[in-house]
Amino acid sequence: MKTLVLSAVFLTFAMAALSAGPTTLQGTYVEARTSEVFAGACIINGEAATTGREAVLAWKVDSGQLNGVPLSGLSVVAAISGDTNLSVHEIGGDVATTRTALFVDARATDDQRKALVTMVRTLATPIVGDIAEVTSASIDFVAGDDEIRVAAKSVKLAVRKEMSHDSSCGNKQWFEPLSTVHHAEMGITVENAFSGTSLGTKWSDPNKRSGFFGAFSF
């Protein structure tokens, strides 16, 4: 019941934001899922039914506001778990039903917290699904020249800004980012972990060609 009430509040806020006129914000985005995004068909086929049901997505607003609420410098992280592979609907598979744990920057006010959740729901629809948890947390989001690192309570994510492949199995980009991103690039996931309890599952899936990073705005 609490989750339904929260969802109704955030949906109302989102509708108000979208009807209030143009918004301007931009920032940095990074994600990793528990299946490859760049590989040969032999790997993709092997993972389609066995893995890829989890992901961590993270956003940091570099500048801007939503519906008059300033968000510059604030971050938000989503840990997502689905009932099937989150990616395979792009190649003819089923669409996953998902649950999400959100971690919102502890520095955010109530209005900023609602605005950040609205931003995530807008940019990452429909992958966010039901929100099981919204928690204020200290978020460490560091975007370096070679790597992006994010840490927040029970979530850790690190993506290296490079891509490699196994030539023995071919190589191809099979999937797109799970959120709206401008100039998305693929990266190698160094760390992708969730140790919380709200999703009914935990994971740690490092050292995979499963990451994307880029810029977002709306």
Side-chain angles (χ1 to χ4, degrees), residues 10-11 13-33 37 55-80 86 100-129 131 133-153 155-163 175-192 194 210-218:
F10 294 135
L11 179 59
F13 191 87
M15 291 176 66
L18 292 174
S19 64
T23 58
T24 304
L25 60 82
Q26 58 186 6
T28 303
Y29 172 78
V30 63
E31 70 167 57
R33 63 197 83 183
V37 298
V56 174
L57 288 58
W59 301 257
K60 181 177 182 180
V61 180
D62 296 327
S63 63
Q65 54 81 29
L66 175 61
N67 196 29
V69 179
L71 297 177
S72 298
L74 298 178
S75 300
V76 58
V77 181
I80 299 173
L86 301 177
T100 298
L102 282 180
F103 301 89
V104 181
D105 203 309
R107 299 170 298 165
T109 65
D110 287 345
D111 284 346
Q112 288 174 325
R113 176 187 173 103
K114 292 175 184 177
L116 286 168
V117 174
T118 296
M119 182 188 78
V120 169
R121 280 195 173 278
T122 304
L123 291 173
T125 301
I127 197 66
V128 169
I131 295 181
E133 172 188 9
V134 180
T135 302
S136 292
S138 176
I139 299 175
D140 186 23
F141 192 121
V142 179
D145 292 337
D146 302 317
E147 185 177 75
I148 299 177
R149 284 193 168 270
V150 182
K153 197 175 179 180
V155 182
K156 291 185 178 180
L157 174 64
V159 173
R160 205 160 59 234
K161 295 179 177 180
E162 64 172 296
M163 181 52 68
F175 308 116
E176 297 297 326
L178 297 170
S179 178
T180 301
V181 190
H182 302 298
H183 310 299
E185 296 185 54
M186 295 179 292
I188 296 176
T189 299
V190 178
E191 194 168 20
N192 171 14
F194 174 71
S210 60
F212 282 102
F213 61 93
F216 72 90
S217 66
F218 83 97

Quick one: are Asp140 and Arg149 in side-chain contact, heavy atoms under 4.5 Å?
no
Where do Ala106 and Ser136 come nearest, in terms of heavy atoms and distance?
CA-CB, 4.3 Å
Apply side-chain contact (heavy atoms from CB on, under 4.5 Å) to residues Arg113 and Val134 and explain how you reach the verdict.
CA-CA 9 Å; Arg113 176 187 173 103; Val134 180; 3.4 Å; yes
What heavy-atom pair brings Gly211 and Val37 nearest, and what distance separates the two atoms?
O-CG2, 4.2 Å
Donor-acceptor pair, side chain of Gln112 and main chain of Pro70, under 3.5 angstrom:
yes
Distance check, rounded to the nearest 0.5 Å: Thr189 atom OG1 versus Arg160 atom CZ?
9.5 Å
So which atom in Ala115 and which in Leu66 form the shortest heavy-atom distance, rounded to 0.1 Å?
O-CD2, 3.3 Å
Side-chain donor/acceptor of Ser179 to backbone N/O of Leu123, under 3.5 Å
yes
Thr100 side-chain N/O to Val128 backbone N/O, donor-acceptor pair under 3.5 Å
yes
Does the side-chain contact (heavy atoms from CB on, under 4.5 Å) test come out yes or no for Leu25 and Phe218, once each step is laid out?
CA-CA 6 Å; Leu25 60 82; Phe218 83 97; 4.0 Å; yes
So, Asp105 side chain and Ser75 main chain: donor-acceptor pair closer than 3.5 Å or not?
yes
Please say whether more than 12 non-hydrogen atoms of neighbouring residues, nucleotides or ligands are located less than 6.0 Å from NZ in Lys161.
yes
How long is the straight-line distance from CG of Leu116 back to OG1 of Thr109, given to the nearest 0.5 Å?
9.0 Å
So, taking the atom named CD in Glu31 and the one named CZ in Phe213, what distance separates them when rounded to the nearest 0.5 Å?
11.5 Å
Does Ser72 use its side chain to pair, donor to acceptor, with the backbone of Gly64 at less than 3.5 Å?
yes
Let me see the working for Val61 and Phe216 under side-chain contact (heavy atoms from CB on, under 4.5 Å), right down to the final yes or no.
CA-CA 9 Å; Val61 180; Phe216 72 90; 4.1 Å; yes
Between Val104 and Val117, is a side-chain contact (heavy atoms from CB on, under 4.5 Å) present by the stated rule, with each step listed?
CA-CA 8 Å; Val104 181; Val117 174; 4.1 Å; yes
Find the distance between CG (Asp62) and CD (Gln26) and round it off to the nearest 0.5 Å.
6.5 Å
So CD of Glu147 and CD of Glu162: to nearest 0.5 Å the spacing works out to 9.5 Å
Nearest heavy-atom approach of Leu57 to Ile80 is CD1-CD1, 3.9 Å
Restricting to non-hydrogen atoms, name the atom on Leu102 and the atom on Ala78 that form the minimum distance, rounded to 0.1 Å.
CD2-CB, 3.5 Å
Donor-acceptor under 3.5 Å (Thr28 side chain, Lys60 main chain):
no
Using every non-hydrogen atom in the two residues, find where Pro177 and Arg33 come nearest and quote the distance to one decimal.
CA-NH2, 3.8 Å
Backbone N/O of Asn67 and side chain of Gln65: donor-acceptor pair under 3.5 Å
yes
